[in-house]
Amino acid sequence: MENRSIREEKMNSGNLISELHDVLEIKEKRVSVQSRNSSLFLSIGLCLSLLMVITAFEYKFYDSGDMISLGGADSKFEETMEVPPTEQPPPPPPKMVVTEIVEVSDEEEIVEDIPIDLDVEMTETQVVEQIVYQPEKVEDEETQQIFTIVEQQPEPDGGISAFYEYVGKNLKYPNLARRNNIEGRVFIQFVVERDGSLTDIKTLKGIGGGCDEEAERIIGMAPKWKPGKQRGRPVRVQMVLPILFKLEM
């Protein structure tokens, strides 16, 4: 009896295992079918989406003639009326002004008599006084004007190189600038007059330490320049020159 029950148990277990195998195979088949179907549906969906996008871009819309309205079927156009041309009367002719001519008779006598003395004795030795007209001297505004650019610029006698040689020989370095090691360029502004003299001397940009005053002194002591000319006439010209101060090492 025990062997029979054992055999029955083994047979039942074997049937159970075979049934489990069948169930697993059925599930595997379903899973494979579902995966194939899902991939197929995905491909079909992508194709449909792409087709809709292409159709939307390629489709052309046209306005039908029935959709265009000009304000309804009852709208009417007003008839244009012709305006007759208006005739304007011609302007009146200009009035003629008649000047009156006054006739003067030749018989009218001259009331005033101008006495003329023709009894004048002239001798060979008599000297006739000559009347000389001397006009007042009017100062030329152009010559008094100060120019910055002229046709012929003023220049020192001997050229600008000779002028800087004069500066180098006569320049005295200030003691205050020497003690404080002050170096640089001092820009001096001045006016070259019509006679070549230098006036209105002032420092345009200085460095201090007594260098500005020394540069003005050198320009004030400089000999006369050749004046500038405008239209062939000497004029006043404003100039700016740099004076270099440099300590010797």
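Throughout, numbering of the chain's residues begins at 1 and tracks the sequence.
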Inset, instruction - Check whether any side-chain heavy atom of Ile207 lies under 4.5 Å from a side-chain heavy atom of Phe245, and answer yes or no. - result: yes
Legend entry - Met239 versus Pro154, closest heavy-atom pair with distance: SD-CG, 3.8 Å
Do any side-chain atoms of residues 167-176 form donor-acceptor pairs under 3.5 angstrom with protein atoms, and if so which ones, sequence neighbours left out?
{"unit_1": "Asn170", "atom_1": "ND2", "unit_2": "Tyr166", "atom_2": "O", "d": "2.7"}
{"unit_1": "Tyr173", "atom_1": "OH", "unit_2": "Ile182", "atom_2": "O", "d": "2.5"}

Legend entry - Minimum heavy-atom distance Phe187-Pro242, with the two atoms named: CE2-CB, 3.7 Å
Legend entry - Distance, nearest 0.5 Å, that separates SG of Cys47 from CG of Leu42: 9.5 Å
Legend entry - Taking every non-hydrogen atom, the tightest pair across Arg185 and Leu244: CG-CD1, 3.7 Å
Legend entry - Shortest non-hydrogen contact between Pro156 and Phe163, atoms and distance: CG-CB, 3.6 Å
Legend entry - Hydrophobic cluster identity match, Val237 and Ile149, side-chain contacts under 4.5 Å: no
Legend entry - Donor-acceptor pair, side chain of Glu151 and main chain of Arg231, under 3.5 angstrom: yes
Quick one: side chains of residues 197-205, donor-acceptor pairs under 3.5 Å with protein atoms, not counting sequence neighbours, listed by atom name and distance.
{"unit_1": "Ser197", "atom_1": "OG", "unit_2": "Asp195", "atom_2": "OD1", "d": "2.8"}
{"unit_1": "Thr199", "atom_1": "OG1", "unit_2": "Glu193", "atom_2": "OE2", "d": "2.6"}
{"unit_1": "Thr203", "atom_1": "OG1", "unit_2": "Glu216", "atom_2": "OE2", "d": "2.5"}

Inset, instruction - Answer with yes or no whether the hydrophobic clustering places Ile160 together with Ile219; edges join I, L, V, M, F, W, Y residues whose side-chain heavy atoms lie under 4.5 Å apart. - result: yes
Legend entry - Leu46 atom CG: more than 12 heavy-atom contacts under 6.0 Å: yes
Inset, instruction - Could you tell me the separation between the CD atom of Gln230 and the CZ atom of Arg236, rounded to the nearest 0.5 Å? - result: 15.0 Å
Inset, instruction - Evaluate side chain to side chain contact (heavy atoms under 4.5 Å, CB included) for Val235 paired with Val150, printing each intermediate quantity in order. - result: CA-CA 9 Å; Val235 292; Val150 290; 3.9 Å; yes
Inset, instruction - Search all heavy atoms of Asp212 against all heavy atoms of Gly206 and return the closest pair with its distance. - result: OD1-CA, 3.1 Å
Legend entry - Leu241 reachable from Met221 in the ILVMFWY side-chain graph, under 4.5 Å edges: yes
Legend entry - Contact summary for Pro227 and Gly196, nearest pair of heavy atoms: CB-N, 4.2 Å
Inset, instruction - Drop me the distance from Phe190's CZ to Ile188's CD1, to the nearest 0.5 angstrom. - result: 9.0 Å
Legend entry - For Arg178, salt bridge (Lys or Arg N to Asp or Glu O under 4.0 Å) partners two or more places apart: none
